[in-house]
There are 2 protein chains.
Amino acid sequence: MAMTLYELAGADPAQRFSPYCWRTRFALAHKGLEVEAAPWRFTEGHRLAFSGQALVPVLVDGDTVLSDSWAIAEWLEAHHPQPSLFRGAAATTRFINAWADAVLHPALARLILLDVHDCLAPADQAYFRTSREARFGQTLEAVQAGRDQDVHAFRKILQPLRMTLAAQPWLGGEAPGYADYIVLGSLQWARCVSEFRLLAKDDPVFGWRTRGFALFGGLAMAAKGYEP
Amino acid sequence: MAMTLYELAGADPAQRFSPYCWRTRFALAHKGLEVEAAPWRFTEGHRLAFSGQALVPVLVDGDTVLSDSWAIAEWLEAHHPQPSLFRGAAATTRFINAWADAVLHPALARLILLDVHDCLAPADQAYFRTSREARFGQTLEAVQAGRDQDVHAFRKILQPLRMTLAAQPWLGGEAPGYADYIVLGSLQWARCVSEFRLLAKDDPVFGWRTRGFALFGGLAMAAKGYEP
């Protein structure tokens, strides 16, 4: 029986943009595992009650119920060892995971916050506006209005990524690994909701993203979204 | 025959503060390798001419001459495999190396720039002042004068480190690895030249640094410097 992945969706259930869900999507594809998607919305916390918490991704495999993208990746690695997601590098990949959560996402959110809002179902829009405007201390419109300037700070934040990719084709080394899927998931978040141009075409990160979005038969590009 | 490590020194040749040299110091200790230290100063580029470049660390092992801390670490790993520095995680450790270079060091430099200057030999002081004031666009005194404020931004930058260390004892996982030595080297740079208090005592990074500085019989704490 295929696993089920609960993942965040927009008003259009085909619009799946959560960076955390994309980490799991890429990890499942890496393992060659089939999954049935169950679209879920911000205001449907009750539908995840069986998981003992209220956030996606949630992965269900028979009697096993897993939440938290990192815990899911570790479980997949333990139960489906080949091909390896981490190839011995889980500990240092965790730093990249923390960097994406703590540094990359807040900077990226400033560029696409209103676009995320605009793709949500009406009930989710109300929740999203209230919670995010409290977090940013500004209206969604005001946050995103600064993006033509903020994108420069965002691109600067990518510098460690750029330096790493100058030395090797993937964050995981010679082949992609979970470190790549973490950051590709973040960039896919933006692609799914926004036309905004995140990267300059001559940025090495641009070329890496193109290669990453083409993995697994174009998994990322097949999802509803915009030209990156 | 022991290897020779050319490393940056202050006016007092016992004062060795380069974060890049400390990466190599820790890596050599991890491998259990003996090394003879050759103190070197900023204005002695000619003494490194044999290495084909002008920066430390330079490691000499018989006929082999190596420069660049990352290249040295890779060479040590290839020629002295056990105990492993990377344990399979070289590719993702490279991201942490880039993060330290591109993000951690510029923020840390603002807190200790004048203190670095003050420990240098006179000829090095003139070089250091000219080159660093051009880079920062301010006098050394002006840069460091803001450190009581700048330290808050610095501590915020450590957030991915803090999140990683909340989940595992070392950046390398259950045991220290090169990822730890990179960041410990950065913090040791500060300890060697400055009394300034970088970390709050209740910061998980503080406890990790204490454990890291105690490694290899207290290698880091045995070097000339201040109470961290």
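Residue numbers begin at 1 in each chain, while the letters A, B, ... track the order of the sequences.
- Checked against ring pair (Phe, Tyr, Trp, His ring centres under 6.0 Å), A/Y127 has the following partners two or more places apart in sequence or in another chain: A/F42.
- Interface remark: of the candidates A/E174, A/Q159, A/Q168, A/Q168 forms the most heavy-atom pairs closer than 4.5 Å to chain B.
- The choice from B/A179, B/G173, B/A167 that makes the most heavy-atom pairs within less than 4.5 Å of chain A is B/A167.
- For A/L165, no part lies near chain B; criterion is any non-hydrogen pair under 4.5 Å.
- With a threshold of 4.5 angstrom between heavy atoms, B/I157 does not approach chain A through any atom at all.
- By number of non-hydrogen pairs under 4.5 angstrom with chain B, the leading residue of A/A89, A/A91, A/G172 is A/A91.
- Of the options B/T164, B/T92, B/D180, a side-chain hydrogen bond (donor to acceptor under 3.5 Å, both in side chains) to A/T92 is made by B/T92 and by none of the others.
- Against chain A, the residues from residues 93-113 of chain B that qualify, each with a non-hydrogen atom under 4.5 angstrom away, are B/T93, B/R94, B/F95, B/I96, B/A98, B/W99, B/D101, B/A102, B/V103 in number order.
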For residues 63-74 of chain A, run the donor-acceptor check on the side chains, cut-off 3.5 Å, and write out each pair with its distance to 0.1 Å, sequence neighbours left out.
{"residue": "A/D68", "atom": "OD2", "partner": "A/W70", "partner atom": "N", "Å": "3.1"}
{"residue": "A/D68", "atom": "OD2", "partner": "A/A71", "partner atom": "N", "Å": "3.0"}
{"residue": "A/W70", "atom": "NE1", "partner": "A/E74", "partner atom": "OE2", "Å": "3.2"}

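- Contact annotation for residues 201-212 of chain B against chain A (heavy-atom separation below 4.5 Å): no residues qualify.
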